[in-house]
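Order of appearance sets the numbers: ligands from 1, and atoms from 1 within every ligand.
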Amino acid sequence: MHRDPLIQIDIISIFPQYLAPLSLSLVGKAQDDGLMRIGVHDLREAATDRHRTVDDQPYGGGPGMVMTPEPWGRTLDSVLTEDSLLIIPTPSGQRFDQRVATEWSQRKHLVFACGRYEGIDTRVSDYYRERVEVAEVCIGDYVLSGGESAALVMVEAITRLLPGVVGNVQSIVDDSFADGPMESLLEGPVFTRPANWRGLGVPEILLSGDHGKIQAWRLEQAQRRTAFMRPDLAPGGTPESGAVAH
Ligand code: JDQ
């Protein structure tokens, strides 16, 4: 019996403890089951001065500090191989979405370079782009204080797509965005017991046992919700007109 070559993920950060949740829940279980391996590396171990400095003032002036390239160079030289994809979370990168997660879940080695402050000296991505594939990615249009939480998000999205991680294969296929956001539906409403909770019931059709009718009803509910919550995804939807929550 042959097995897919297991994916290795390395994450570099000045806050390695920020990545501790990766030993919990789904991602922790995937590692325990031998479906993936995650290594976390402290960037400061590659700093050589007495104060383990990893930042410096920006050339040209301005507020904040920039991560200095030397510790990144030493750490990345020791972690990268010719099969690596180097992923740099940044607010000025391309959007990470389900399509990207699916592509990356099929790679052998992912290396996340988590910056802090105003980001990493641009020459680090320039240098490694000549040597390995580099992806500068943003997880959404909001500003974080560093790359660690973005790396947690991406690792979780990728892990769910690894063979053997999510028990029921159909549940992956049915999930929102499974085929990439272009041709997708949001999840419709879900219910479990009790059949009456604080005076609120469950749609009769879900109790009917008619799986053909249930499937059709769920599709209609999903389409209604998509049109309302995400008109940009719905057929004929306008990219900029979002629904206001109520
Ligand atoms: C870093 C920062 C530049 C704020 C430093 C490293 N989607 C997404 N939002 N924010 C990030 C990603 C992100 C990723 C890495 C980061 C933010 N910062 C702080 C840097 C301008 C503003």
Side-chain angles (χ1 to χ4, degrees), residues 9-22 27 38-47 51-76 79-80 84-105 107 109-129 132-161 176-177 180-182 184 229-230 232-233 239-240 242:
I9 299 179
D10 287 285
I11 307 174
I12 307 164
S13 166
I14 59 168
F15 296 125
Q17 283 302 101
Y18 210 112
L19 289 309
L22 293 173
V27 180
I38 300 181
V40 177
H41 309 265
D42 185 354
L43 181 76
R44 257 186 228 285
E45 287 183 7
H51 296 104
R52 306 222 159 246
T53 307
V54 294
D55 62 329
D56 204 342
Q57 292 167 311
Y59 274 122
M65 300 292 270
V66 173
M67 293 193 104
T68 192
E70 290 94 340
W72 282 109
R74 281 189 284 275
T75 308
L76 288 168
V79 169
L80 292 170
S84 306
L85 171 63
L86 174 58
I87 300 163
I88 308 178
T90 166
S92 47
Q94 293 185 313
R95 179 64 66 82
F96 174 84
D97 60 17
Q98 193 66 21
R99 179 201 300 274
V100 174
T102 303
E103 281 178 25
W104 292 357
S105 71
R107 307 252 341 184
H109 190 204
L110 305 177
V111 177
F112 289 89
C114 302
R116 283 269 147 183
Y117 315 112
E118 305 303 308
I120 306 170
D121 187 308
T122 299
R123 291 169 294 179
V124 173
S125 61
D126 291 343
Y127 178 90
Y128 287 101
R129 207 175 287 112
V132 296
E133 274 179 74
V134 176
E136 293 184 277
V137 287
C138 163
I139 61 163
D141 290 341
Y142 36 78
V143 181
L144 304 170
S145 296
E148 289 82 3
S149 51
L152 288 174
V153 164
M154 291 187 269
V155 170
E156 185 164 311
I158 292 161
T159 301
R160 288 173 50 77
L161 297 168
S176 301
F177 302 121
M182 339 304 302
S184 74
M229 290 289 191
R230 295 293 304 275
D232 56 312
L233 297 182
E240 304 303 341

Query raised in the report: Nearest to atom 13 (C) of ligand 1, what protein heavy atom do you find, and at what distance?
Result: P91 CD, 3.4 Å
Report summary line: Among non-hydrogen protein atoms, atom 10 (N) of ligand 1 lies closest to L144 N, 3.0 Å
Query raised in the report: Tell me, do R230 and S184 make a side-chain contact under 4.5 Å, heavy atoms counted?
Result: no
Query raised in the report: Who are the ring pair (Phe, Tyr, Trp, His ring centres under 6.0 Å) partners of F96, not counting sequence neighbours?
Result: W104
Query raised in the report: By number and element, which atoms of ligand 1 are closer than 4.0 Å to a non-hydrogen atom of V143?
Result: 4 (C), 9 (N), 10 (N), 22 (C)
Query raised in the report: Between S145 and R116, is any pair of side-chain heavy atoms under 4.5 Å apart?
Result: yes
Query raised in the report: What residue among I139, L110, I9 forms side chain to side chain contact (heavy atoms under 4.5 Å, CB included) with M154?
Result: I139
Query raised in the report: Between the main-chain N or O of F15 and the side-chain N or O of S13, is there a donor-acceptor pair closer than 3.5 Å?
Result: yes
Report task. Number the atoms of ligand 1 from 1 as they appear, then name those within less than 4.0 Å of a heavy atom of I139, with their elements. Result -> 7 (N)
Query raised in the report: To the nearest 0.1 Å, how far is atom 15 (C) of ligand 1 from its closest protein heavy atom, and which atom is that?
Result: P89 O, 3.1 Å
Report task. Have a look at A150, A151, G93, G146 and point out the one with the heavy atom closest to atom 1 (C) of ligand 1. Result -> G146
What pairs of donor and acceptor atoms, side-chain ones from residues 54-67 against any protein atom, are under 3.5 angstrom apart with sequence neighbours left out?
none

Query raised in the report: Would you say V132 and L76 make side-chain contact, with heavy atoms under 4.5 Å?
Result: no
Report summary line: One finds that the ligand 1 atoms under 4.0 Å from a non-hydrogen atom of G140 are 7 (N)
Query raised in the report: Taking only heavy atoms of E118, which atoms of ligand 1 are found under 4.0 Å from at least one of them?
Result: 3 (C), 20 (C)
Query raised in the report: What is the nearest protein non-hydrogen atom to atom 9 (N) of ligand 1, stated with its residue, atom name and distance?
Result: Y142 O, 2.7 Å
Query raised in the report: Would you say W72 and I88 make side-chain contact, with heavy atoms under 4.5 Å?
Result: no
Report task. Identify, by atom number and element, the atoms of ligand 1 in contact range of C138, meaning under 4.0 Å from any of its heavy atoms. Result -> 7 (N)
Query - Minimum-distance protein heavy atom relative to atom 2 (C) of ligand 1 - result: Y117 O, 3.7 Å
